[in-house]
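Here's the structure we're looking at; comments come further down.
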Amino acid sequence: MRATAAVLLVLCLLTISHAWDCQEVVNIKNLMQIDAGLGQVVATDTSQIPYYLVGDKWIRMPGYLMHITVGPGGIWGVNKDYAIYKYVAGNWVQAAGLLKQLDAGGDQFIVGANMDDTPFCLTSSATVGYKGPGSPLPWTGLPGAVKYYSCGPFGCWAVNKNDDIFLMSLNQDCQNKGWSHIEGKLSMIEVATDGSVFGVNSAGSVYTRDGITASKPEGTGWSNIPMCMLMGHVTYDLGRLWVVSKSAVTMVCTH
C-alpha cells in the first residue's frame, strides 16, 4: 500500500512539472496548516503540534496550536479553545481575546476572525509591542463576516462562509474603507509578503491572482495552478509555493 502511494505521488509530481516544479516534503508528515513569510515557515500538524522550519529540519515548537502564522507582525497562533498566543523569546505568551484564525502578514499589524466569523484587527504598535499580560491589546472589530483573513503589502483578502472573496485596504491603525467583492469562490486565501495572492477552493483546486500591483491591488483575474491532488491549504513566500493536500501530504513548488 505504501509503495502504491509512492508511485501515485511520483506520477502526480510528473503531471504538474510542466508548470511548477513540485517536490514532496518528506521530513514532515500529517501537516494541517502551513504559513510562510519573510523567509520563515511555520506549520501545525493534525495533532496540533506547531513546527518551525530551520534549513530542512522541522523543529517542534512548544505547546499545541490549531493555526499558526508568521510575518512582519511576528509569530502568532491560536489553540483549539481559540486562545491567542504570541511567540516571545522562545515561549508562547497568551493574549486577550478569542480567534479561530489569524494572520501576521500585514504591515506589522494582525488580523483574524473569531468563531462567529467577525473580523478583527490589532494595530501595529500593539502587535509589535505586545510582550505579555499588561501590554495594551486594543482589538478593533471590522465590518462584515469572514472565515479566513490574510494581509499583505497591497491589501487584505478574505473569504466568507459562502466562499465569496473580498478585498480591504487596511492601514497600521486598522483604519479601512470596507470590503470590495472580488469575483470567484475560494475556501481559504493567503497573501504573501510580496503581495502575491493564492487560494484553494472547496474542490481542492489551487488558484493565484494575476496582475496585482500597488496601483491595482485587486489584480486582473484568477489562474489555476494544476495539481493532481486535492489541496486544502496553501502559502507562498520568496518563490516557494507550499501546499498541503487534503490527505495531509505537503509539497513545495517553484515556478
Q) With the threshold set at 4.0 Å, does a side-chain nitrogen-carboxylate oxygen contact exist between K161 and D117? A) no

Min side-chain heavy-atom separation V78-L102 under 4.5 Å: yes

dist Q175:CD -> T123:OG1 (nearest 0.5 Å) comes out at 10.5 Å

In this structure, OG of S205 is separated from CG of N224 (nearest 0.5 Å) by 5.5 Å

For residues 94-131, the ring pair (Phe, Tyr, Trp, His ring centres under 6.0 Å) pairs (sequence neighbours left out) are none

Exercise for review: Assess the side chains of E190 and T235: does a donor N or O sit below 3.5 Å from an acceptor N or O?
Suggested key: no

d(R240 CZ, C22 SG) to nearest 0.5 Å is 13.0 Å

| query | Quick one: do W92 and I59 end up in the same hydrophobic cluster if we chain Ile, Leu, Val, Met, Phe, Trp and Tyr together by side-chain heavy atoms under 4.5 Å apart? | reply | yes

Distance-only, no hydrogens or angles: does the S47 side chain make a donor-acceptor pair with backbone N or O of I49 under 3.5 Å?
no

Heavy atoms of F154 and G195 approach each other most closely as CD1-CA, 4.0 Å

* Asked: Going by atom types alone, do D210 and T220 pair a side-chain donor with an acceptor below 3.5 Å?
  -> no

- Task: Check the pair C121 / L142 against side chain to side chain contact (heavy atoms under 4.5 Å, CB included), numbers first and verdict last.
- Result: CA-CA 7 Å; C121 173; L142 299 174; 3.9 Å; yes

Practice item. Assess the side chains of S196 and D194: does a donor N or O sit below 3.5 Å from an acceptor N or O? Key: yes

- Item | Full working for side-chain hydrogen bond (donor to acceptor under 3.5 Å, both in side chains) between T69 and D35 | CA-CA 6 Å; T69 181; D35 194 42; 2.8 Å; yes

Residues M61 and I68: closest non-hydrogen pair is SD-CD1, 3.9 Å

- Residues Q23, D21; criterion side-chain hydrogen bond (donor to acceptor under 3.5 Å, both in side chains); working and verdict: CA-CA 7 Å; Q23 302 294 327; D21 178 19; 3.1 Å; yes

Across all chains, not counting sequence neighbours, the side-chain hydrogen bond (donor to acceptor under 3.5 Å, both in side chains) partners of K29 are none

**Prompt:** Any side-chain heavy-atom pair from T208 and W222 closer than 4.5 angstrom?
**Reply:** no

In this structure, CG of N201 is separated from CG of L230 (nearest 0.5 Å) by 9.5 Å

Shared hydrophobic cluster, I182 / Y207 (ILVMFWY, side-chain heavy atoms < 4.5 Å):
yes

A95 and L137 have their tightest heavy-atom pair at CB-CD2, 3.4 Å

When you measure from the side chain of Q172 to the backbone of Q108, do you find a donor-acceptor pair of N or O atoms at a distance under 3.5 Å? no

- [ ] Look only at the side chain of W157 and the backbone of I189, and say whether a donor-acceptor pair between them is shorter than 3.5 Å.
- [x] no

CG of L98 to OG1 of T118, rounded to nearest 0.5 Å, is 11.5 Å

Quiz prompt | Test log, rule side chain to side chain contact (heavy atoms under 4.5 Å, CB included), inputs S247 and M229 | solution = CA-CA 9 Å; S247 56; M229 304 174 77; 3.9 Å; yes

Minimum side-chain heavy-atom gap V41-Y52 below 4.5 Å
no

Could you check whether any side-chain heavy atom of Q33 comes within less than 4.5 Å of a side-chain heavy atom of V244, counting everything from C-beta outward?
no

* Asked: So, do M66 and K100 sit near enough that their side-chain heavy atoms are less than 4.5 Å apart?
  -> yes

So Y51 and V42, do their side chains get closer than 4.5 Å, heavy atoms only?
no

In short, side chain to side chain donor-acceptor pair (under 3.5 Å) pairs touching residues 77-88 with sequence neighbours left out are none

Value for CH2 (W58) from CD1 (I28), rounded to nearest 0.5 Å, stands at 6.0 Å

Answer yes if V111 and I75 sit in the same cluster of Ile, Leu, Val, Met, Phe, Trp and Tyr residues linked by side chain heavy atoms under 4.5 Å apart, and no otherwise. no

Check: In terms of hydrophobic clusters joined by side-chain contacts under 4.5 Å, are V197 and M168 together?
Finding: no

*Apply side chain to side chain contact (heavy atoms under 4.5 Å, CB included) to V249 and E24, showing your working.*
CA-CA 7 Å; V249 173; E24 183 187 5; 4.1 Å; yes

Heavy-atom nearest pair, P153 first then A192, reads CD-O, 3.6 Å

#### Entry: Residue pair L186, D163: steps toward the side chain to side chain contact (heavy atoms under 4.5 Å, CB included) verdict
CA-CA 5 Å; L186 292 173; D163 291 353; 5.8 Å; no

query: Counting distance only, does the side-chain N/O of K246 pair as donor-acceptor with the main-chain N or O of H233 below 3.5 Å?
result: no

**Asked** Given side chains that start at C-beta, do those of M188 and V234 come closer than 4.5 Å, heavy atoms only?
**Response** yes

message: Can a donor-acceptor pair be found, under 3.5 Å and without considering hydrogens, that links the side chain of T44 to the backbone of H67?
response: no

- Message: Would you say Y149 and Q101 are linked by a side-chain donor-acceptor pair, where the criterion is simply a distance under 3.5 Å?
- Response: no

Between V93 and G132 the two heavy atoms that sit nearest each other are CG1-CA, 3.2 Å

Item to check | Linked, directly or transitively: L99 and L122 (ILVMFWY side chains, under 4.5 Å) | outcome: yes

Of all heavy-atom pairs linking P50 and P62, the shortest is CG-O, 3.5 Å

**Asked** Tell me, do E218 and L167 make a side-chain contact under 4.5 Å, heavy atoms counted?
**Response** yes

